[in-house]
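Note sheet for the following structure.
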2 protein chains.
Amino acid sequence: MGRGKCFGQGGWHGKFHGRGYRMTAGREAVINVLSSTKEHLSADEIFIRARKLNPDIGLTTVYRTLERLSIMGEIHRLDPGDKRARFELAESEKGHHHHLVCTKCNRIIDYDDFIDDEVKLLSETEKKLSKKYDFKINNHLIQFYGECKECAE
Amino acid sequence: MGRGKCFGQGGWHGKFHGRGYRMTAGREAVINVLSSTKEHLSADEIFIRARKLNPDIGLTTVYRTLERLSIMGEIHRLDPGDKRARFELAESEKGHHHHLVCTKCNRIIDYDDFIDDEVKLLSETEKKLSKKYDFKINNHLIQFYGECKECAE
DNA sequence: TTGTTAATGAAATTCATTTTCAATAAGGAG
DNA sequence: CTCCTTATTGAAAATGAATTTCATTAACAA
Ligand SMILES: [Mn+2]
Ligand SMILES: [Mn+2]
Ligand SMILES: [Zn+2]
Ligand SMILES: [Zn+2]
């Protein structure tokens, strides 16, 4: 009772449980933070927001939860030029998208325009590269770097 | 006299000088290390090799030189999942290429096969994105993540 | 309800990178 | 070549994101 959405069987609880992990209040808080934003948050930004949902959570738990979710493939870890990693839910309403990264302010802008052509070309390329280099490709990253509107001189 | 190749006017010396910087033994060592490898080295790996060319060089100078070269656009900084940044000369014999990154051993493999189609698509996409998001694109990054031959289970 | 053990928070630690600061040397002027 | 300005340097200290340690807590299967 009083349980948030999607934390029952088949939802997040199930995802953890299925792999022998446990659903805890800390993990629920982190997931709720990630679920309720379109931003690309760093660990400590997630910590600050998660603490509002669960004042007892520690930063360590945030790092550990992010690590676990990353291994589970449920979140994407981004390493912009800026030194701190940033995270976003893999299966958000946003769907498959790529990024524009501002090298001035480190803002990350999602885009999914023109993505179909990109993804199509990429999957062909993946196939060729896999064969030629005997490399098992699991994922790809495309980012454009430059200056965002706000940072234009 | 006794000066290595390409450190005279119009070469590296000129590149620094033109921007009001000075050519020094430390910088020459770092550049020579980068020029003589196809690997993607980290700062401390560069330091170890540079010390063989110039035993007096300090790690701090390596970092500072890499920062300067990066600003000058003469090297590319790569941030693989692994926490240390890696570097490669922008204008090497390797030419424009993209990367396969092994998520097990962090090895980085260059490829330039099939690159023409990629670059062509990317430049079209860049044009459209630039306009739509009012974003000035200077550079792009494409990486495929997976498991290299040596790490295959 | 109980037992097993995954998960936690706080504090300590790691480690790449940056900053500080006094000493050095690149290179233009004379 | 010599002198001078100041960019550059190395060593040591500082920073800061991320990880590890360890004693305590709580998830959840039985
Ligand atoms: Mn995104
Ligand atoms: Mn490369
Ligand atoms: Zn910006
Ligand atoms: Zn590998």
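Every chain is numbered from 1, with letters handed out A, B, ... down the list of sequences.
For B:R68, taking side-chain heavy atoms from C-beta onward, the closest of the listed nucleotides C:dG27, C:dT8, D:dT8 is D:dT8.
Scanning for side chain to side chain donor-acceptor pair (under 3.5 Å) contacts around A:S42 gives A:D44, A:E45, A:R84, with sequence neighbours left out.
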I'd like a table of atom pairs between the protein and nucleotides 3-6 of chain D - only N or O on both sides, under 3.5 Å - with the distance next to each one.
from, atom 1, to, atom 2, distance (Å)
D:dT6, O2, B:R22, NH1, 3.4

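Ring geometry for B:H97 versus B:H99: interplanar angle over 60°, hence perpendicular rather than tilted (30 to 60°).
With rounding to whole Å, B:F47 atom CZ is found 13 Å from D:dT9 atom C1'. Protein atom CZ of B:R27 is 10 Å distant from nucleotide atom C1' of D:dT9, rounded to whole Å.
Atom NZ of A:K127 has 12 or fewer heavy atoms from other residues, nucleotides or ligands within 6.0 Å.
Among the heavy atoms of the strands, none lies under 4.0 Å from A:R19.
Put simply, B:T24 has a side-chain N or O that comes within less than 4.0 Å of OP1 or OP2 on D:dT9. An OP1 or OP2 oxygen of C:dG28 is reached within less than 4.0 angstrom by a side-chain nitrogen or oxygen of B:H17. Side-chain N/O atoms of B:H13 include none lying less than 4.0 angstrom from OP1 or OP2 on C:dA26.
Looking only at distances, a side-chain donor or acceptor of B:R86 sits under 3.5 Å from a matching main-chain atom of B:H40. A donor-acceptor pair is defined here as one N or O able to donate and one able to accept, closer than 3.5 Å; such a pair exists between the side chain of A:S123 and the backbone of A:K120. A:R27 contributes a side-chain N or O that, together with a main-chain N or O of A:R22, makes up a donor-acceptor pair within less than 3.5 Å. Using a distance-only test at 3.5 Å, with no hydrogens or angles considered, no donor-acceptor pair links the side chain of A:T103 to the main chain of A:Y145.
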| remark: Scoring nucleotides 11-21 of chain D by protein non-hydrogen atoms under 4.0 Å (B base, S sugar-phosphate only, - none) yields BB----SBBBB
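Hydrophobic clustering, with ILVMFWY side chains joined whenever heavy atoms are under 4.5 angstrom apart, keeps B:L78 apart from B:L41.
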